[in-house]
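Small disclaimer: the values here were computed from a predicted structure and weren't measured. Chain letters run A, B, ... following the sequence lines, proteins first, then strands; residues in each count from 1. Values below: all heavy atoms of this structure, side chains included; hydrogens, waters and symmetry mates excluded.
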Amino acid sequence: MDIKYTPAEIELKWQTHWQEKGIFTVSEDPGRKKYYLLEMFPYPSGRIHIGHVRNYTIGDVVARYKRMKGFNVLHPMGWDAFGMPAENAAIERGIHPSVWTHENIDNMRKQLKRMGFSYDWDRELATCEPEYYRWEQLFFLWMYEKGLAYKKSSTVNWCPKCETVLANEQVEAGLCWRCGSEVGEKFLSQWFFRITAYVEELLACCDKLPGWPERVLTMQKNWIGKSFGCEAAFPMANGTREIKVFTTRQDTIFGATFMLVAAEHPLVMELAAGKPCEEAVREFVEKIKKQDKKMRTSEYYEKEGVFLDTYCLNPVTGRKMPIYAANFVLADYGTGCVMAVPTHDQRDFEFAKKYDLPLIVVIQPHDKALNVKTMTEAYIDEGILVNSGPFDGMENLKAQEAIAAHLEKIGRGKKTVQYRLRDWGISRQRYWGAPIPMVLCDDCGTVPVPEQDLPVILPVDVEFTGEGGSPLARYAPFLETTCPRCGKAARRETDTMDTFVESSWYFDRFCSARHDARPGLDRAKVDYWMPVDQYIGGIEHAILHLLYSRFYTKVLRDFGVLGVDEPFTNLLTQGMVCKETTRCPEHGYLFPEEVREGMCTQCQKPVAIGKTEKMSKSLKNVVDPDYLIQAYGADTARIFCLFASPPEKDLEWSDQGVDGSFRFLARTWRIVVDYLEMIGGAAPFAGDRELEGDLKALRRKTHQTIRKVTSDIEDRFHFNTAISAVMELVNALYQLPRPAANDALALSVVRETVETIILLLAPIVPHITEELWQLIGRREALADVAWPVFDPAVASEEVITIVIQINGKVRSRITVPADEEGEQITALARADERIAAQIAGKRILKEIYVPKKLVNIVVQG
RNA sequence: GCCUGGGUGGCGGAAUUGGUAGACGCAAGGGACUUAAAAUCCCUCGGUCCUCGCGGCUGUGCGGGUUCGAUUCCCGCCCCAGGCACCA
């Protein structure tokens with residue numbers, strides 16, 4: 001029989017079959033154990049990229065595997081459909097964001113279906129639909145009622161290119177996370193979610209997420225940034241008021257010689273008011289405010305300040321301390337004011353040197369003596385307190401507690417805790433987002449839209465000019481409304497919500513995706529499916545999306561719409577897909593198809609092979625999934641993504657590697673097809689007879705492979721080693737001398753091996769395996785066949801190789817029965833010809849026997 | 001600067017609890033089949049030395065240590081990637 005492996009044909013055939021039969025449509029079944037597998041849903045940019053292929057393949061393997069293990073698997077897919085690229089397309093090309101988004105979704109859905117992913121498409125959702133965001137608006141109203149959503153005027157991060165506000169989390173090294181523009185500052189009235197109300201729970205639960213990678217939890221903990229310290233009050237020298245500071249180093253308070261206030265802090269102008277320095281201070285403050293974020297975070301940014309012609313008193317020493325406004329003090333951390341201890345803080349040291357301010361050493365290190373005249377930098381390590389009144393001679397760390405108590409006793413402070421985490425600013429001055437359901441009335445102020453008036457639907461026929469601000473703010477039919485409270489003319493809120501709000505609960509919505517009754521989540525269904533058992537996505541969301549989702553889950557829990565504390569039990573963060581870059585001296589970076597035999601196709605000059613980097617359009621080192629599917633098929637694309645490296649590591653793209661993956665599938669196909677006529681009528685070996693020789697070995701290998709593949713998938717998601725193991729089994733089948741056509745026993749063993757290969761590969765390459773399964777005469781849907789189990793007795797070796805070492809070096813190997821006694825084995829080791837020769841005449845100091853592994857004989861000399 | 005990861009053949013990667021380093025794949029070389037090539041199937045493949053053997057030595061970023069034994073544990077250093085970065 002000669003049937004060719006034609007991926008394009010069989011893949012389409014089975015994809016159609018799965019869809020028509022509704023194989024992957026699921027519903028709640030209290031009698032079965034559920035498994036909720038979720039991959040991060042994509043932004044519908046128009047085309048899937050290799051990163052998606054990898055992410056969704058990893059998820060699909062686990063989903064299909066769990067299904068074969070008997071779980072009721074929920075595996076949904078949807079679209080993170082709001083966001084700026086749609087609006088930019090509207091401005092640049094005149095396509096409405098909705099049209100653009102839906103066309104992209106249609107195209108990407110086709111691409112995902114062509115990959116053969118086992119999604120329940122009946123649950124598909126797009127966050128830009130009113131059926132979705134209406135519930136988000138409802139939750140917003142509830143959050144407003146509870147004070148969890150509030151409006152506040154504040155300085156915000158402003159991206160001049162996107163013309164919108166960015167959350168702190170969305171500013172990366174002073175640049176916009178999305179477009180890379182320099183981020184500036186603006187003073188605006190903004191909506192916030194009070195994520196800080198849950199900060200302790202968010203922090204505490206980090207320790208209750210054993211299924212999350214340590215580094216993600218570390219990043220979140222650092223982001224939350226809890227620090228223990230002390231609030232201390234410094235009275236003004238003229239006795240009018242006091243200045244409060246937060247410090248984690250109250251042990252150094254006796255060395256505080258001046259006071260610093262953030263330049264933007266209102267206190268600065270208050271203190272300078274009416275003084276000769278007022279004009280100079282105002283100039284300084286204006287200058288600092290104008291400087292953009294990037295400047296202020298750069299390394300070369302010099303510490304600067306201006307004296308406010310005012311003094312306060314050190315509460316423990318009574319020393320008169322000059323007050324300065326400074327550019328490097330953060331206005332929105334702690335109290336915005338800092339006690340400066342130049343001897344033990346590097347920043348304060350630099351500031352003191354520049355403005356010639358006094359230094360007092362209060363911590364002496366154990367190994368040297370500090371002298372304020374010769375110090376070239378602050379001493380920030382441990383030591384013994386000096387110049388610290390009653391605390392002299394104490395270890396500085398031990399004094400922390402004592403000094404905090406002292407401050408409390410004299411009524412000048414108390415122990416406190418500070419967090420780095422700020423509330424989540426969710427206002428965006430953009431059109432393509434979920435409208436914030438609020439009305440602004442001149443008389444009543446900010447008034448929520450009544451629940452029964454939801455959803456506030458995004459109007460369609462607005463104008464996209466590309467000019468600053470939101471199109472909604474210029475569109476009267478949306479803007480103009482009446483106040484729900486007093487009935488007078490009023491304006492709608494035109495800000496829309498940050499798209500991270502939609503992605504903070506889409507996993508809940510998947511549980512009851514078509515539920516159209518308040519509150520959009522069917523509690524019974526959500527209770528059945530949530531939490532997500534396994535969440536899979538890119539490490540780039542380690543902070544933003546994952547922290548917001550955790551917060552939103554807790555909010556919804558407290559509203560009683562769901563019953564879990566944490567949304568994702570296990571998290572797998574997959575690595576990036578990378579590829580080497582190619583560069584022509586004349587034409588710059590080249591796409592792979594612009595290079596032929598090391599030459600640029602345009603100018604024939606040799607191209608330079610550059611660094612391997614994350615695939616990106618700007619570096620042109622991209623591989624088009626459509627091309628891959630066309631050339632090799634979806635199964636090859638899938639198996640290559642899994643085989644090239646374990647999921648959490650970066651994957652380096654290799655065209656030869658893809659060839660190799662295809663060859664393996666073709667090789668597997670060939671051996672099964674070769675055997676087709678012979679094993680077509682055979683039943684798999686049932687274990688009812690004794691096997692010997694090659695057949696026994698093949699069957700052992702078969703059962704060992706089941707064991708290996710099962711644990712690789714189940715315990716570690718190490719698909720690369722699982723695939724290696726199946727490759728070995730296929731190689732073993734090739735090695736088996738071809739049995740005679742009438743050798744029923746041998747053929748039944750071969751059949752068992754063939755079926756095992758198909759089943760083990762089924763979650764990884766579902767199309768070729770469905771086809772082979774059918775070819776060998778099986779009729780049931782492969783997706784629902786039970787995962788094979790191995791027989792430990794069959795899988796165990798009856799002889800094992802024992803390594804014999806002399807002084808830790810391998811000198812020989814012996815083969816012994818698996819159940820041989822240790823004493824017998826050491827005796828055999830000593831008797832081994834080569835060992836005996838080498839230990840002859842030497843004194844044996846020690847013999848170590850590691851069961852089933854090795855014997856190490858330690859001899860003298 | 002701080003916090004995470006990581007560094008193993010020509011390459012991607014194995015080695016799951018301190019116990020045979022280099023599974024599997026790619027590339028390379030050789031053989032079979034073929035008029036020939038492709039495809040396929042089989043074999044070899046870390047380095048080095050010789051007496052060419054089921055040989056010796058060496059080898060998991062570098063230097064030390066613990067141990068009968070270290071890719072694995074400890075100390076110090078170098079390099080790479082990611083995150084944070086004036087958080088008082």
Side-chain angles (χ1 to χ4, degrees), chain A residues 172-174 213-219 221-223 225-227 229 245-250 252 256 260 296-299 301 303 326-330 332-341 344-348 350-351 418-422 539-540 542-543 575-576 578 613-614 640 643-646 648-661 663-664 666-667 670 708 711-712 715-716 718 720-728 730-731 734-735 801-810 812-813 833-834 845-859:
Chain A
E172 294 168 348
E214 198 52 48
R215 61 176 175 148
V216 174
L217 293 173
T218 307
M219 277 193 228
K221 281 183 206 163
N222 290 344
W223 189 263
K226 183 176 186 175
S227 54
V245 303
F246 171 75
T247 181
T248 56
R249 291 298 303 274
Q250 62 269 25
T252 64
L260 296 170
R296 296 194 64 177
T297 51
S298 110
E299 271 177 58
Y301 193 62
K303 289 168 184 52
N327 62 349
F328 65 96
V329 175
L330 301 173
D332 54 356
Y333 180 78
T335 62
C337 305
V338 179
M339 69 173 200
V341 184
H344 305 292
D345 181 286
Q346 187 58 27
R347 296 157 298 184
D348 299 346
E350 286 167 30
F351 194 87
Q418 277 292 326
Y419 302 92
R420 213 184 81 113
L421 182 76
R422 316 289 154 81
I539 184 71
E540 64 272 21
I543 301 171
M576 299 179 302
C578 303
E613 304 217 45
K614 179 184 176 175
F640 174 72
F643 182 63
S645 87
E648 66 276 10
K649 279 186 71 170
D650 286 351
L651 179 151
E652 198 182 319
W653 195 264
S654 141
D655 292 327
Q656 288 98 338
V658 178
D659 273 334
S661 296
R663 270 206 296 274
F664 166 66
R667 184 173 154 84
R670 231 176 285 119
K708 168 83 178 149
S711 75
D712 279 350
D715 306 340
R716 318 192 296 167
H718 277 202
N720 54 336
T721 51
I723 293 166
S724 294
V726 182
M727 284 175 169
E728 283 185 55
V730 170
N731 289 346
Y734 268 92
Q735 296 296 319
T801 302
I802 299 287
V803 165
I804 311 171
Q805 299 180 332
I806 295 175
N807 292 347
K809 291 190 176 178
V810 179
S812 187
R813 294 175 172 86
E833 203 180 321
R834 295 168 47 200
L845 302 174
K846 206 173 187 182
E847 278 179 342
I848 292 126
Y849 170 63
V850 181
K852 299 188 191 289
K853 289 255 163 65
L854 60 77
V855 175
N856 186 11
I857 301 170
V858 184
V859 298

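- Atom name P, nucleotides B:G9 and B:U17: the rounded distance is 23 Å, in whole Å.
- In this structure, A:S812 contributes its side chain and A:I804 its backbone to no donor-acceptor pair below 3.5 Å.
- Atom NZ of A:K221 has more than 12 heavy atoms from other residues, nucleotides or ligands within 6.0 Å.
- Between the side chain of A:R670 and the base of B:C41 there is no donor-acceptor pair of N/O atoms closer than 3.5 Å.
- To the nearest whole angstrom, the two P atoms, one in B:C52 and one in B:G61, are 35 Å apart.
- Taking atom CD on A:Q250 and atom C1' on B:A88, their separation rounds to 12 Å, with Å as the unit.
- Residue A:P213 is out of contact with every strand shown, counting any heavy-atom pair closer than 4.0 Å.
- By the side chain to side chain donor-acceptor pair (under 3.5 Å) test, A:T801 is found to be paired with no residue, residues two or more places apart in sequence or in another chain being considered.
- Rounded to the nearest 0.5 Å, atoms CD (A:E648) and CD1 (A:I539) are 10.5 Å apart.
- Taking the C1' atom of each, B:U20 and B:A15 are spaced 10 Å apart, rounded to whole Å.
- Atom NZ of A:K614 and atom C1' of B:C80 are 18 Å apart (whole Å).
- Applying the side chain to side chain donor-acceptor pair (under 3.5 Å) test to A:R215 and every residue at least two apart in sequence or in another chain returns nothing.
- Between A:M339 atom CE and B:C87 atom C1' there is a gap of 15 Å when expressed in whole angstrom units.
- Once rounded to the nearest 0.5 Å, the distance linking CD of A:E214 with CE of A:M219 reads 11.5 Å.
- A:D348 comes within 4.0 angstrom of nothing in the nucleic acid, heavy atoms only.
- Annotated as syn: B:G9, whose glycosidic dihedral is within 90° of 0.
- Taking side-chain N and O atoms only, A:Q735 has a distance below 4.0 Å to OP1 or OP2 of B:C42.
- Nearest-nucleotide positions on RNA chain B for A:R249 and A:A644 put A:A644 closer to the 5' end.
- When the side chain to side chain donor-acceptor pair (under 3.5 Å) test is applied to A:E847, the partners found at least two apart in sequence or on another chain are A:R830.
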Base contacts versus sugar-phosphate-only contacts with protein, heavy atoms under 4.0 Å: please encode nucleotides 16-31 of chain B as B, S and - from 5' to 3'. B--BBS-BBSSS----
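- Between the CD atom of A:E833 and the C1' atom of B:G55 there is a distance of 14 Å, given to the nearest Å.
- Counting only Watson-Crick or G-U wobble pairs whose defining distances are both under 3.5 Å, the stems of 3 or more consecutive pairs in RNA chain B are B:1-7 with B:78-84, B:10-12 with B:24-26, B:28-32 with B:40-44, B:46-49 with B:55-58, B:61-65 with B:73-77.
- Under the salt bridge (Lys or Arg N to Asp or Glu O under 4.0 Å) criterion, A:D345 pairs with A:R347, not counting sequence neighbours.
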A:I543 vs A:N222, side chain to side chain contact (heavy atoms under 4.5 Å, CB included): CA-CA, chis, key distance, verdict: CA-CA 10 Å; A:I543 301 171; A:N222 290 344; over 6 Å; no
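- Closest-nucleotide positions on RNA chain B for A:V858 and A:I539 were compared, and the one nearer the 5' end corresponds to A:V858.
- Look at the P atom in both B:G82 and B:G30: the space between them is 41 Å, to the nearest Å.
- Remark: A:K614 engages A:M576 in a side chain to side chain contact (heavy atoms under 4.5 Å, CB included) (not counting sequence neighbours).
- Between the C1' atoms of B:G22 and B:G13, the separation comes to 10 Å (whole Å).
- Going from atom NZ of A:K846 over to atom CG of A:N807 covers 11.5 Å, rounded to the nearest 0.5 Å.
- To the nearest whole angstrom, the two P atoms, one in B:U71 and one in B:G83, are 33 Å apart.
- Proximity of A:Y734 to the phosphate of B:C41: a side-chain N or O atom is located under 4.0 Å from OP1 or OP2.
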Using atom names, set out every protein N or O paired with an N or O of nucleotides 46-52 of chain B below 3.5 Å, distance rounded to 0.1 Å.
none

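- Both cation-pi conditions hold for A:K303 and A:F328: the charged atom is under 6.0 angstrom from the six-membered ring centre and inside a 45 degree cone around its axis.
- Every salt bridge (Lys or Arg N to Asp or Glu O under 4.0 Å) that A:R716 has, sequence neighbours left out, goes to A:D712.
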Name the pairs: protein N/O against N/O of nucleotides 1-11 of chain B, kept only if under 3.5 Å.
none

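- Residue A:K809 is in sugar-phosphate contact alone, with no base atom involved, counting any heavy-atom pair closer than 4.0 Å across all strands shown.
- Rounded to whole Å, the separation between the C1' atoms of B:C45 and B:A38 comes to 24 Å.
- For the pair A:N807 CG and B:C57 C1', the computed distance is 16 Å after rounding to whole Å.
- In this structure, of B:C86, B:A14, B:C54, it is B:C86 that holds the atom nearest to the side chain of A:R347.
- Using atom C1' as the reference point in both B:G46 and B:A37, the two lie 34 Å apart (nearest Å).
- Under the rule for a side chain to side chain donor-acceptor pair (under 3.5 Å), the partners of A:R667 that lie at least two apart in sequence or sit in another chain are A:N731.
- Using a 4.0 Å heavy-atom cutoff across all strands shown, A:Y419 reaches no nucleic acid atom at all.
- By the ring-ring contact (aromatic ring centres under 6.0 Å, His included) test, A:F640 is found to be paired with A:W653, residues two or more places apart in sequence or in another chain being considered.
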